[in-house]
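Notes to accompany the following structure.
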2 protein chains.
Amino acid sequence: MNWQKQLSDLGFRVSAPRKRVMAVLESAQQPLTPLELHQTLLRDHKAIGLASVYRTLGLLSALGIVEVVYRSKGEMGYMAAAQGHHHHILCQECQRAVEFSGLEDLSELIDHVENQTHYQVRDHLLQLYGLCPECQSKHADEKE
Amino acid sequence: MNWQKQLSDLGFRVSAPRKRVMAVLESAQQPLTPLELHQTLLRDHKAIGLASVYRTLGLLSALGIVEVVYRSKGEMGYMAAAQGHHHHILCQECQRAVEFSGLEDLSELIDHVENQTHYQVRDHLLQLYGLCPECQSKHADEKE
DNA sequence: AATCTTATTGATAATTAATTTCAATAAACA
DNA sequence: TGTTTATTGAAATTAATTATCAATAAGATT
């Protein structure tokens, strides 16, 4: 189910500003802050009010259509959410983010922690940080 | 090595405001935001300027003496950092946070993701969320 | 296609959070 | 005990987010 149907089925309108926000997020390679998203739209002459950017991100992330990704120093960015359970790995140089699936790999860890702490685990936050293939090549080049 | 020695070895001063911030963090059971920390100190008549709270948290977290923990809705809180590599599990009801170690359990996942994405993994963010033992009991009581 | 209803928008104001500035203070050391 | 200077507190500044409200337009109805 696409996000437009999801919205209208719930009685929300598929407005031009919402389409514009999703268009940017769907083509972005990296998580964007509300301010960056707003700047991007202004630069592309797709006018939108800043408040609407915040409102749209709030709504769409509440519905799971977009999701929050933590960038290096604690800034929160937004990405269009893909299907199913997944996490992100971010490049520390170019900020490019890609998804990986990893629920299976965590179940062992979670069992372990439940036994260790006696907490009941219900949710988790997992992101990896590193270097994307392109930035690895650049580093290798510089050393030559 | 304690944080005071660590600071002075690096040429930083062990000032009263810094001691006060650390005292609060070391006795706290949950991550505190800068504003909460400031409120706590004011309430306890341990006067401190708000700017100094921010400055102290900035310095101490840069040195690894305190660390950032993400609370439920994306707020960042600070905790006194324990020795060695570890992560946190937070109670979604009472916010109490405890540590768990889990580097070994992740190495498999990391290998997996490196192969899958061709990123080179250098760092990670992992937190679990759930119910602490006390809050589990409360829930059980309510159902009787 | 024209009309109606009302969710949504944009602009602005208000609020909240974080940072900067700078004279006064107090750690650390001689 | 005095000197040096990193650090502090208070206030000003900047940045980020949320609330307000009349105007607009999405979607349903005719």
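Every value quoted in this text rests on a predicted model; they were computed, and no experiment measured them. Residue numbering restarts at 1 for every chain, and letters A, B, ... go by the order of the sequence lines.
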For this session: Please determine, by modelled atom types, if B:Arg71 and B:Gln95 share a side-chain donor-acceptor pair under 3.5 angstrom.
Result: no
For this session: Grab the CG-C1' distance between B:Leu10 and D:dT7 for me, whole Å please.
Result: 16 Å
Problem set entry | Polar contact flag, side-chain donor to acceptor under 3.5 angstrom, A:His118-B:Gln136 | no
Exercise. What is the bend of the helix from C:dA1-D:dT30 to C:dA30-D:dT1 when you compare the axis at one end with the axis at the other, using five pairs each and rounding to 10°?
Worked result: 50°
Exercise. Atom NE2 of B:His38 and atom P of D:dA11: how far apart are they, to the nearest Å?
Worked result: 12 Å
Exercise. More than 12 heavy atoms of other residues, nucleotides or ligands under 6.0 Å from CD of A:Gln116: is that the case?
Worked result: yes
Problem set entry | Reported OH-to-CG distance for the pair B:Tyr70 and A:Leu125, which is rounded to 0.5 angstrom | 8.0 Å
Exercise. Tell me: CG of B:Leu41 to C1' of D:dG9, nearest whole Å?
Worked result: 14 Å
Exercise. After noting the C-alpha distance and the side-chain angles of B:Glu93 and B:Glu134, does the key distance pass the side chain to side chain contact (heavy atoms under 4.5 Å, CB included) rule?
Worked result: CA-CA 10 Å; B:Glu93 302 253 313; B:Glu134 289 74 17; over 6 Å; no
For this session: Could you state the atom-to-atom distance from CZ of B:Phe12 to P of C:dC29 in whole Å?
Result: 14 Å
Seminar exercise, completed: Given protein heavy atoms under 4.0 Å, the one-letter contact record of nucleotides 9-19 of chain C, with B base, S sugar-phosphate only and - none, is simply BBB-----SBB
Exercise. Over how many whole Å does the gap from A:Leu7 atom CG to C:dT8 atom C1' extend?
Worked result: 12 Å
For this session: Just do the side chain to side chain donor-acceptor pair (under 3.5 Å) check on A:Gln120 and B:His139 with the steps written out, would you?
Result: CA-CA 12 Å; A:Gln120 176 194 337; B:His139 277 225; over 6 Å; no
Problem set entry | Side chains of B:Arg96 and A:Tyr119 in contact at under 4.5 Å (non-hydrogen atoms) | yes
Exercise. Is a donor-acceptor pair below 3.5 Å formed from side chain B:Arg13 to base D:dA6, judging by atom type as modelled?
Worked result: yes
Exercise. Separation of B:Lys19 atom NZ from D:dT8 atom P, in whole Å?
Worked result: 12 Å
Exercise. Side chains of A:Leu32 and A:Val24: closer than 4.5 Å at any heavy-atom pair?
Worked result: yes
